[in-house]
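Accompanying notes for the structure given below.
Because the structure is predicted, anything quoted here is derived from the model rather than measured.
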Amino acid sequence: MSIRRILLLTLLLVSLLPAALLTGLAFNRTRAAMLAEIKDGVLRSAASVSADIDGLLLERMLNASTWNHLEVMQDLRLHDVDKRLSGFLAEMKRRHGGLYLELHAVDTRGHVVASSDPAQLDRQMPEPTPWLAADLPGGRVRLERPARIDGHRRLRLRSAIPSQFTPGEIGELVLDVDTAQLDALLDGAAGPERQLVLLDADDRVLAASAALRARGLSAGAVLPGWRGDGDSGVITRSGAPLVDAAVIAGRQRARGLGDFAGFGWTTLLLQTHAAALAPVRHMAWTFAGLLAATAAAVVAAAWWLAAAIARPVVALTAFTRRYTEPGELPVAAPGGPGEIGELSRSFAEMVAALQRSQQSLVQASRLAALGEVTALLAHEVRTPLGILRSSAQTLRTEAGLSTEARELLGIIETETERLNRLVASMLDSTRTRSPQLQPADVHALIAHASALLAAQLRDRGVTLQLHCAAQRFVVDCDAEQITQVLLNLMMNALLVLPRGGLIEIATRDEVHRLVIEVSDNGPGIAPEDRARVFEPFVFRREGGTGLGLAVVQRILHQHGGDIAADESRLGGALFRVWLPANEALR
């Protein structure tokens, strides 16, 4: 695949993918907000209808609990058909515009003494069938379950008529409310895609909107599972058997009004899912159009940009191919815009640097050979140095030497000793052998190195403290070389500390490795020197060779570990050593 196509695909991926993701994220968040608002609207509508039903019901019951205290009701005591009371009941029915089917005044024997319908006078009223009751300021109002009588579905309300002259009751006021009022309330809130149902506490239908009544949903039918738990809520579910589609169903249990706590009736509002989500679908098409327009603009821009970037890259590719061919170095490829031009220039510089590196490699090979010769010469120098030192020591035993001669002999001994240490360090740094790895107790090695330096620590007045907290202290290592590492680090601290100084050696476990820390309260190491102290011939202590820490680092690298310098909590230097943990012992 060509660089231009790769760039084009990459640009499209980098541009379109975030755009698609951001558009999807924005759509999902907007959709969630719209759905929440739609559901909230359904719930508010259900709550509004439920409040209207409570209001209608409370008004009818207040009529019953108020009229039974009127003075005209005392005519019921005559135990005969009362024309004045009947006239009052007929007038109340007329004034309320058909809200009441009939109004009756019944004596204690159940005979209709007065009625808004003359045909009902002196008839025996059926025994009441208890269903619900509400205690209002004017007295208790009892409701009977709605029933169809004479072609009308009636909700019968009964309220006792108290006697104003003697204790007790003289009869009941009976109000037959037309339940069509409930249907009318639901019809007013319904629409082509919205239907309502009123359920009692037993899941029975009390009223339904016109479309549901047309589908055969009759009052008294049982709809189990639709009231749900709690006083209110909104769910998305199948509308069967009420609606032939998925619906968003909002339910609101009656909250009552004032002193009336309600009867626990539930208003269900069913909004078809398709109609409810119409705004969401419109928004989805809007987002899709915006994304398509963005994609078209991105494709056009990516096509032009890929071509602009690919041209200098293709030229640079041709330059690299010519570079591998024999002959003189080809002319550098023409630079392009911005980073592409910088890449072309950098590649040309890299080619020139590569040629210089080839020359440096030859020179480095020669220096390596010279290093081997130097190591050999250093080894051979130790013999004459030993002869010089022993000769100087022998001469100092001669009698009659002047003071100046003895001072010169002392200088010879001191310098030969220094040269011998330097030669020894050079030999150690050039002949470090490969480690012989075997399980070894690092804590035991620390104790052994401490014992070896015990006399020097005592003579210099330096305290050594061990804090060996590691639990996995057995590692695969060369015990002799790790001891050399510990001795070098302890000696470095010992040689810079004044009398009364402190050295701490601590161990701890880390994931897949053992950590050894050697710290002191000496002068420490400057931050800019902490990385360079491991380079050969870099030292800060007078009389040092700068090879000890280089040897330590080489040994640890051969063990798969490492070392770093830092500042200790004591204020001096801290050398932190890592060794691979023995995974077989975990």
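- The shortest heavy-atom contact between Gly239 and Val247 is CA-CG2, 3.8 Å.
- Between the side chains of Asp478 and His559, not a single donor N or O lies within less than 3.5 Å of an accepting N or O.
- Nearest heavy atom pair, residue Leu43 against residue Ser232, reads CD1-CB, 3.9 Å.
- Side-chain contact between Gln252 and Arg44: absent, with no pair of heavy atoms (C-beta onward) separated by less than 4.5 Å.
- The closest donor-acceptor contact from the side chain of Ser450 to the backbone of Ile446 lies under 3.5 Å.
- Residues Val577 and Val515 form no side-chain contact, since every pair of their non-hydrogen atoms from C-beta on lies 4.5 Å or further apart.
- Between Glu510 and Arg508 a salt bridge is recorded (basic side-chain N to carboxylate O distance below 4.0 Å).
- Remark: Val42 engages Ile248, Leu269, Gln271 in a side-chain contact (heavy atoms from CB on, under 4.5 Å) (not counting sequence neighbours).
- Of all non-hydrogen atoms in Asp203 and Pro224, the two that sit nearest each other are OD2-CA, 3.9 Å.
- Looking at Asn521, its side chain does come within 3.5 Å of a backbone N or O of Leu502 through a donor-acceptor pair.
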Query raised in the report: Stepwise, does the side chain to side chain contact (heavy atoms under 4.5 Å, CB included) test hold for Leu549 with Phe575?
Result: CA-CA 10 Å; Leu549 290 177; Phe575 288 94; 4.0 Å; yes
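- With Arg253 contributing its side chain and Ser50 its backbone, the two residues share no donor-acceptor pair below 3.5 Å.
- Between Val475 and Ile482 there is no side-chain heavy-atom pair separated by less than 4.5 Å.
- Between Glu504 and Glu517, every side-chain heavy-atom pair lies at or beyond the 4.5 Å cut-off.
- In this structure, the separation between CE on Met491 and CD1 on Ile503 is 9.5 Å, given to the nearest 0.5 Å.
- A 6.0 Å sphere centred on CZ of Arg237 holds more than 12 heavy atoms belonging to other residues, nucleotides or ligands.
- Taken from SG in Cys477 to CG in Leu445, the straight-line distance is 5.5 Å, to the nearest 0.5 Å.
- Of all heavy-atom pairs between Gly250 and Ala46, the closest is O-CB, 4.0 Å.
- Under the 4.5 Å side-chain criterion, counting only non-hydrogen atoms from C-beta, Leu270 is in contact with Trp226.
- When atom types are taken as modelled, the side chain of Asp509 and the backbone of Ala470 share no donor-acceptor pair closer than 3.5 angstrom.
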**Report entry** Test side chain to side chain contact (heavy atoms under 4.5 Å, CB included) applied to Gln481 and Gln558, step by step
**Finding:** CA-CA 10 Å; Gln481 291 186 352; Gln558 290 176 336; 4.3 Å; yes
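- For Thr507, the side chain to side chain donor-acceptor pair (under 3.5 Å) partners two or more places apart in sequence, or in a different chain, are His443.
- By the neighbour-count criterion of 12 heavy atoms within 6.0 Å, atom CD of Gln465 is densely surrounded, having more than that number from other residues, nucleotides or ligands.
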Report task. Check the pair Asn492, Met490 against side chain to side chain contact (heavy atoms under 4.5 Å, CB included), reporting the backbone distance first and the verdict last. Result -> CA-CA 5 Å; Asn492 282 348; Met490 294 168 66; over 6 Å; no
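- Closest heavy-atom contact between Ala440 and Ala479: CB-CB, 4.4 Å.
- The CZ atom of Arg499 sits 8.0 Å away from the CG atom of Asp459 when rounded to the nearest 0.5 Å.
- Listed by chain and number, the residues in a side-chain contact (heavy atoms from CB on, under 4.5 Å) with Glu528 are Ala526 (sequence neighbours excluded).
- Shortest non-hydrogen contact noted between Asp520 and Leu570 is O-CB, 3.5 Å.
- Taking CD1 of Ile516 as the start and CG of Leu486 as the end, the distance is 5.5 Å to the nearest 0.5 Å.
- At least one donor-acceptor pair closer than 3.5 Å links the side chain of Arg251 to the backbone N or O of Gly230.
- No side-chain heavy atom of Gln438 sits under 4.5 Å from any side-chain heavy atom of Gln436.
- At a threshold of 4.5 Å between non-hydrogen side-chain atoms, the residues Gln456 and Leu453 count as touching.
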Query raised in the report: Going through the checks in order, is the side chain to side chain contact (heavy atoms under 4.5 Å, CB included) test met by Val518 and Leu574?
Result: CA-CA 6 Å; Val518 180; Leu574 167 67; over 6 Å; no
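- Between the side chain of Arg530 and the backbone N or O of Ile525, at least one donor-acceptor pair lies under 3.5 Å.
- When atom types are taken as modelled, the side chain of Asp562 and the backbone of Trp578 share no donor-acceptor pair closer than 3.5 angstrom.
- Residues Leu514 and Arg472 form no side-chain contact, since every pair of their non-hydrogen atoms from C-beta on lies 4.5 Å or further apart.
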